[in-house]
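See structure below.
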2 protein chains.
Amino acid sequence: MRRKSLNETQCPIARSLECVGEWWSLLIIRDALHGLTRFDEFQKSLDIAPNMLTRRLTALMESGLLEKRQYSVRPPRYEYVLTQRGRDLSPVLTTLLAWGNKHFAPEGPSILLADSQTGEIAEPVLVDKVTGREISAQAHRLVPGPAASEGMIQRLQHYQRQWDSHATTTDAHYHEES
Amino acid sequence: MRRKSLNETQCPIARSLECVGEWWSLLIIRDALHGLTRFDEFQKSLDIAPNMLTRRLTALMESGLLEKRQYSVRPPRYEYVLTQRGRDLSPVLTTLLAWGNKHFAPEGPSILLADSQTGEIAEPVLVDKVTGREISAQAHRLVPGPAASEGMIQRLQHYQRQWDSHATTTDAHYHEES
DNA sequence: CAGTATCCTGTCCGATACTG
DNA sequence: CAGTATCGGACAGGATACTG
């Protein structure tokens with residue numbers, strides 16, 4: 001395949017990007033999460049060339065994020081629906097949305113998340129379901145899982161050392177940036 | 001620029017992807033979050049061609065995710081450190097990690113997130129900081145923010161209709177139409 | 001060590017034309 | 001409406017050589 005280094009990588013982030021790294025992928029998933037299912041809905045919404053859309057849809061199906069379903073026999077018509085795997089990308093898109101709102105919306109956000117019942121604006125935060133505490137670089141760290149290879153363990157140890165020294169040496173100027 | 005449709009888009013997800021859509025970007029940020037700062041640390045960790053690394057680092061600096069800082073005068077040496085904007089990508093990477101663990105680790109995850117104090121495995125979930133409830137497609141929806149254009153409002157209304165019909169046809173029990 | 005300078009290939013992506 | 005076929009351009013990404 002294209003990037004040999006990744007096939008050897010067990011890094012789940014790299015593996016995830018293998019699926020949704022291409023530019024349109026996440027936007028298609030975004031629209032699918034919004035309920036779009038048909039070819040021309042996607043095309044109009046994304047303003048994407050039809051051949052590109054075909055390619056991306058095919059790739060997403062091969063990755064198991066979308067399923068093609070026939071909804072009409074005559075004429076034969078298909079719709080593209082999210083699998084569970086695709087739906088599970090929702091938190092990724094939500095955090096991406098929050099990040100974009102925070103950093104690329106000088107005149108205020110144009111899209112916000114709201115509670116369906118109360119209508120109140122929601123503020124998405126990542127927390128540890130076990131302890132309820134907010135996930136942070138200080139309070140959490142990465143550890144090797146059951147399937148970690150020897151190389152991965154080394155890598156994580158290396159990271160840990162890097163982070164330790166980084167944290168102690170650069171803590172000072174963290175606070176002086178606005 | 002390359003994708004004219006996106007410059008017109010106010011979608012914060014699209015704007016975010018404008019920054020980190022390229023393939024290496026998020027992996028570099030991942031390593032930077034782990035404490036890597038120097039050119040050759042990145043290069044060894046990512047196994048990336050040096051010219052590509054230069055290009056990506058430059059792009060990330062132009063997007064305001066990284067800063068170049070001189071840490072030695074003679075010989076002149078620079079390090080690449082995350083800005084606040086770059087550090088704020090951490091939740092995105094964490095959710096991506098969780099997604100990868102869930103869907104692309106048949107023999108179990110190779111990397112997990114753990115509580116630094118207790119060592120307990122953490123389970124990242126996205127919740128609404130206001131209500132404390134978990135963010136879900138059923139309990140939350142997207143609404144136009146203060147800077148939403150007329151087109152964006154239309155778009156969100158369109159999404160809402162799509163989602164309603166989708167929800168009622170596929171999961172009738174979720175939502176009684178009022 | 002920390003990159004820069006070239007050159008090359010793959011492919012992402014767009015535009016257009018066409019089909020059942 | 002729901003795509004497929006074909007062509008071409010831009011650029012991400014790779015390999016290699018070279019520099020202070």
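Naming convention: chains lettered A, B, ... in sequence-line order (proteins, then strands); numbering from 1 in each chain.
- Closest approach to the Y80(A) side chain among dT4(C), dG3(D), dA12(D) is made by dG3(D) (side chain taken as heavy atoms from C-beta onward).
- With dG14(C), dC12(C), dG3(C) as the candidates, the nucleotide lying closest to the side chain of E22(A) is dC12(C).
- Separating the CG atom of L17(A) from the C1' atom of dA12(D) is a distance of 15 Å, rounded to the nearest angstrom.
- When each of Q157(A), R155(A), Q162(A) is paired with Y159(A), the side chain to side chain donor-acceptor pair (under 3.5 Å) condition holds for R155(A) and for no other.
- Between S16(A) and W99(B), the closest heavy-atom pair is OG-CE3, 3.5 Å.
- Rounded to an integer number of Å, the gap from CG of L46(A) to P of dG14(C) is 10 Å.
- Here dC13(C) presents its C1' atom at 12 Å from CD1 of I28(A), a figure rounded to the nearest Å.
- Checking dA15(C), dG14(D), dG13(D) against the side-chain heavy atoms of A49(B) singles out dG14(D) as nearest.
- Atom P of nucleotide dA2(D) and atom CZ of F39(A) are separated by 9 Å, given to the nearest angstrom.
- One atom, CG of L57(A), and another, C1' of dT4(D), lie 13 Å apart when rounded to the nearest Å.
- Partner assigned to dG20(C) is dC1(D), using Watson-Crick or G-U wobble distances below 3.5 angstrom.
- Using cut-offs of 30° and 60° for the angle between ring planes, the F42(B) and Y80(B) rings count as perpendicular.
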Carefully, step by step, assess Y78(A) and R38(A) under the rule side-chain hydrogen bond (donor to acceptor under 3.5 Å, both in side chains). CA-CA 7 Å; Y78(A) 299 89; R38(A) 296 194 348 218; over 6 Å; no

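- A salt bridge does not link D115(A) with R141(B): every distance from a Lys NZ or Arg NE/NH1/NH2 to an Asp or Glu carboxylate oxygen is 4.0 Å or more.
- For I48(A), taking side-chain heavy atoms from C-beta onward, the closest of the listed nucleotides dG14(C), dG14(D), dA2(C) is dG14(C).
- Within the nucleic acid shown, R56(B) comes within 4.0 Å of sugar-phosphate atoms alone, with no base atom in reach, counting heavy atoms only.
- Contact of D40(B) with dG3(C) (side chain to base): no donor-acceptor pair of N or O atoms is detected under 3.5 Å.
- The phosphate of dG14(D) has OP1 or OP2 within less than 4.0 Å of a side-chain N or O from W24(B).
- Nucleotide dT4(C) holds its P atom 12 Å from the CD atom of Q43(B), rounded to whole Å.
- Residue F42(B) is classed as having no contact, given no heavy-atom separation below 4.0 Å to the nucleic acid.
- At a cut-off of 3.5 angstrom, the base of dG14(C) holds at least one donor-acceptor pair with the side chain of N51(A).
- You'll find that the side chain of T54(A) is closest to dT4(D), out of dG13(D), dT4(D), dC12(C).
- Nearest to the side chain of Y71(B), among dA15(D), dG13(D), dA2(C), sits dA2(C).
- With hydrophobic clusters built from ILVMFWY side chains whose heavy atoms lie under 4.5 angstrom apart, M61(A) shares a cluster with I29(A).
- When heavy atoms are screened at a 4.0 angstrom cut-off, R55(B) is found touching base atoms of the nucleic acid.
- Closest to the side chain of R77(A), from the set dG14(D), dA2(D), dC13(C), is dA2(D).
- In this structure, E18(A) atom CD and dA12(D) atom P are separated by 19 Å, rounded to whole Å.
- Remark: P of dG14(D) and CH2 of W23(B) are 8 Å apart, rounded to the nearest angstrom.
- Of the candidate nucleotides dC1(C), dC1(D), dG3(D), dC1(C) has the atom lying nearest to any side-chain atom of R38(B).
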